[in-house]
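Written out below as structure tokens is the structure these notes cover.
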There are 2 protein chains.
Amino acid sequence: MEQAYIPHLSVDCVLFGFDEKQLKVLVVERDRLQEEDAKYHSGLLKIPGRLLFEEEYLEDAASSIIEELIGNESIPLQQFQVFGNPNRIKSPNDLLWLESQTKLPIKRVVTICFYALIKITDALTSTLNSHRAKWIPINEARGLAFDHDEIVREAYQHLKKELTASPLEFNLLPTYFTLNNLQALYEVILDQQFDNRNFRKKILKLPYLIETNKMETNVNHRPAKLYCFNEELYQKNKREMSLFFL
Amino acid sequence: MEQAYIPHLSVDCVLFGFDEKQLKVLVVERDRLQEEDAKYHSGLLKIPGRLLFEEEYLEDAASSIIEELIGNESIPLQQFQVFGNPNRIKSPNDLLWLESQTKLPIKRVVTICFYALIKITDALTSTLNSHRAKWIPINEARGLAFDHDEIVREAYQHLKKELTASPLEFNLLPTYFTLNNLQALYEVILDQQFDNRNFRKKILKLPYLIETNKMETNVNHRPAKLYCFNEELYQKNKREMSLFFL
DNA sequence: ATAGTTAACGTAATTAGTACGTTAATAAAA
DNA sequence: TTTTATTAACGTACTAATTACGTTAACTAT
């Protein structure tokens, strides 16, 4: 059964990834319109999102958008802000594109935005390619379609704030990671340097950070111990640990 | 010119007030429907809100709702969450009421929620009465129409989190207040006691808390100095002071 | 072997936070 | 006029957390 879109409401997702060096966001190509689609198919970039269906839960819409791109359906989502100015869609092409997608006359779209943290290794390149999606460094997310520059900027602010308040960003790391991986993540997100020895002392207090007996391999220096994240202990402890972390 | 409503979108406001003892929220009566409106006119309670107009900014809608009830138009608003489950309007009467208000067929309403802090003395009793609005203690906000119980609960959580992260709740106090007024506010919102002497030391570090030469009057004990809040200094300092306060 | 690189442990000094005691100023009661 | 009740306002010793460092260990590449 085909579901009908609500022409006034959409859901957009800012998906964050971390490749051990940089914080990235996932963007997809907004197809160029037929008329201007002359030579190549590479269009303007946007963040993943679509109009809401009439009977659809907001979280379900966001999850389905993520699942299509990443394949994983159990990724925690954070609703962070609504963008709904009557004039937020400034470019006539953006509007035409929306109408071509939905076959509906579109006047104004209020979009409910979510962000999620993605293990960058979970996203298969083939799936990304087939959706013409790719990771770009957050500071290169400029000139996106609609008001998506602003949406990405605000999502980043919320992520920063959340990370300062509670240490939960393990989802951006691979399953096994070194303490220095973790520190690099904190430094990149918060744009702030930490003393390695003090960071280590502080982070090791977290009961849900588990030391394994695995070691880093293929490095040309002393290999570090690998750690992993115990989600069950995290669920138990996040309430107490949630405020005032770093 | 009459503006048309968007039948799928509304804005609701949780307005917090503080009467030196209790944290309160402003509620209005949802008119009983004609049929059941037999004896008296006191209806079910709801928080203030309405459908969005087609060309209206979200913040403007929220501001207009507040201005109508409080009269003051420059109150900072915080967008905190969207409530948009397809089945969030459970009571048939709530739906009928919406349709009677808007003369539109309503299927599903996604509501964008804001909260604001109100000096309780700014709200004129006459204005409140004419809108059949009143302040009720937050823990008595039960059995409200729609899913407004949940909305109030969530708004309160956000307020708590915000107050823990940054000390900005001066808008809940009268212009001149004692340090004990301020402490009582913190204790009520955070549901936590503070040592009077330590609270005083900590709060006096805030550069935007200004000592005046006025004194408390009409108290049968040693009168306290009155303080006020310097908004300009607050704007300058909030960035640095914003995290990790109490 | 030696140099280069990052891992991992430790400690003194500083700063912030907590738990208290004491005196001061006012109104009302005795 | 003294006493009592009540809250204001100041101060200080103790404890916990944070910061700023030094040092040694384990690995690779030359």
Side-chain angles (χ1 to χ4, degrees), chain A residues 19-21 163-167 173-174 176-188 190-207 209-228 237 240-246, chain B residues 18-21 163-167 173-174 176-188 190-207 209-229 237 240-246:
Chain A
D19 68 355
E20 315 225 338
K21 280 277 171 57
L163 182 63
T164 323
S166 107
L173 292 169
Y176 297 100
F177 50 85
T178 70
L179 294 185
N180 277 13
N181 290 157
L182 191 55
Q183 183 176 344
L185 173 63
Y186 272 79
E187 290 183 342
V188 165
L190 299 179
D191 191 25
Q192 189 184 136
Q193 299 300 112
F194 295 101
D195 180 279
N196 177 269
R197 296 151 289 189
N198 295 334
F199 181 86
R200 184 176 289 264
K201 269 182 285 186
K202 213 161 187 181
I203 208 97
L204 283 173
K205 284 184 198 155
L206 297 180
L209 181 62
I210 310 294
E211 183 179 331
T212 71
N213 48 17
K214 297 177 203 294
M215 299 294 272
E216 206 179 10
T217 51
N218 290 91
V219 286
N220 65 342
H221 56 75
R222 174 175 174 179
K225 273 190 201 139
L226 294 177
Y227 287 77
C228 70
N237 288 282
E240 305 148 45
M241 316 283 295
S242 75
L243 288 171
F244 308 148
F245 184 63
L246 276 177
Chain B
F18 177 67
D19 68 356
E20 315 227 336
K21 281 277 170 57
L163 181 62
T164 324
S166 105
L173 292 169
Y176 296 101
F177 51 85
T178 70
L179 294 186
N180 278 13
N181 291 157
L182 191 55
Q183 183 176 343
L185 174 63
Y186 272 79
E187 290 183 342
V188 165
L190 300 178
D191 191 25
Q192 189 184 136
Q193 300 298 113
F194 295 100
D195 180 279
N196 177 269
R197 295 152 290 192
N198 295 335
F199 181 86
R200 185 176 288 265
K201 269 184 284 186
K202 213 160 185 181
I203 208 95
L204 282 174
K205 285 183 195 153
L206 297 180
L209 181 64
I210 309 295
E211 184 181 329
T212 70
N213 48 19
K214 296 177 205 292
M215 299 293 272
E216 205 179 11
T217 50
N218 290 90
V219 284
N220 64 343
H221 55 75
R222 174 172 173 179
K225 272 189 200 139
L226 294 176
Y227 287 77
C228 69
F229 171 54
N237 288 281
E240 304 150 45
M241 315 284 295
S242 74
L243 286 170
F244 306 149
F245 184 62
L246 274 179

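Quick caveat: nothing in here was measured; it's all calculated off a predicted structure. Lettering of chains follows the sequences in order, A, B, ..., and the numbering in each one begins at 1.
If you measure from atom CG of A:Asn181 to atom C1' of C:dA7, you get 13 Å, rounded to the nearest angstrom. In this structure, the CD atom of A:Glu216 is 13 Å from the C1' atom of C:dA8, given to the nearest Å. The separation between A:Phe199 atom CZ and D:dA17 atom C1' is 17 Å, rounded to whole Å. Distance CE (A:Met215) to P (D:dA26): 10 Å, rounded to an integer number of Å. Between the CG atom of A:Asn218 and the C1' atom of C:dT6 there is a distance of 16 Å, given to the nearest Å. A:Phe194 has its CZ atom 17 Å from the P atom of C:dA7, to the nearest Å. In this structure, B:Asp195 atom CG and C:dA16 atom P are separated by 19 Å, rounded to whole Å. For B:Lys202 and D:dG11, the NZ to P distance is 20 Å, given to the nearest whole Å.
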Taking only nitrogen or oxygen atoms into account, show me every contact under 3.5 Å that the protein makes with nucleotides 23-25 of chain C, one pair per line with its distance.
{"from": "C:dA24", "atom 1": "N3", "to": "B:Arg222", "atom 2": "NH1", "distance (Å)": "2.8"}
{"from": "C:dA25", "atom 1": "O4'", "to": "B:Arg222", "atom 2": "NE", "distance (Å)": "3.4"}

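Contact annotation: side chain of A:Asn180 to base of C:dA7, donor-acceptor pair absent below 3.5 Å. Interface remark: the A:Asn198 side chain does form a donor-acceptor pair with the D:dA20 base, using a distance-only criterion of under 3.5 Å. A donor N or O paired with an acceptor N or O is found under 3.5 Å between the base of C:dG21 and the side-chain atoms of B:Arg197.
Residue whose closest nucleotide on DNA chain C sits further toward the 5' end, between A:Asn220 and A:Asn196: A:Asn220. Along DNA chain C, the nucleotide nearest to A:Lys201 and the one nearest to A:Lys225 differ in position, and the one closer to the 5' end is contacted by A:Lys225.
In this view, A:Lys225 and A:Glu211 satisfy the side chain to side chain donor-acceptor pair (under 3.5 Å) rule, not counting sequence neighbours.
Here the side chain of B:Glu216 pairs no donor or acceptor atom with the backbone of B:Pro223 at under 3.5 angstrom.
Side chains of B:Leu209 and B:Phe177 form a contact here, defined as non-hydrogen atoms less than 4.5 Å apart. The closest side-chain heavy-atom distance from A:Cys228 to A:Lys214 is not below 4.5 Å.
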Check your understanding: Could you walk me through whether A:Tyr227 and A:Leu182 pass the side chain to side chain contact (heavy atoms under 4.5 Å, CB included) check?
Key -> CA-CA 10 Å; A:Tyr227 287 77; A:Leu182 191 55; over 6 Å; no

Show which side-chain atoms of residues 194-201 of chain B pair as donor or acceptor with protein atoms under 3.5 Å away, not counting sequence neighbours.
{"from": "B:Asp195", "atom 1": "OD1", "to": "B:Arg197", "atom 2": "N", "distance (Å)": "3.0"}
{"from": "B:Asp195", "atom 1": "OD1", "to": "B:Asn198", "atom 2": "N", "distance (Å)": "3.1"}
{"from": "B:Asp195", "atom 1": "OD2", "to": "B:Arg197", "atom 2": "NH2", "distance (Å)": "3.2"}
{"from": "B:Asn196", "atom 1": "ND2", "to": "B:Asn180", "atom 2": "OD1", "distance (Å)": "3.1"}
{"from": "B:Asn196", "atom 1": "ND2", "to": "B:Gln183", "atom 2": "OE1", "distance (Å)": "3.1"}
{"from": "B:Asn198", "atom 1": "OD1", "to": "B:Lys201", "atom 2": "NZ", "distance (Å)": "3.3"}

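Atom CG of residue B:Leu179 and atom CD1 of residue B:Ile203 lie 8.0 Å apart, to the nearest 0.5 angstrom.
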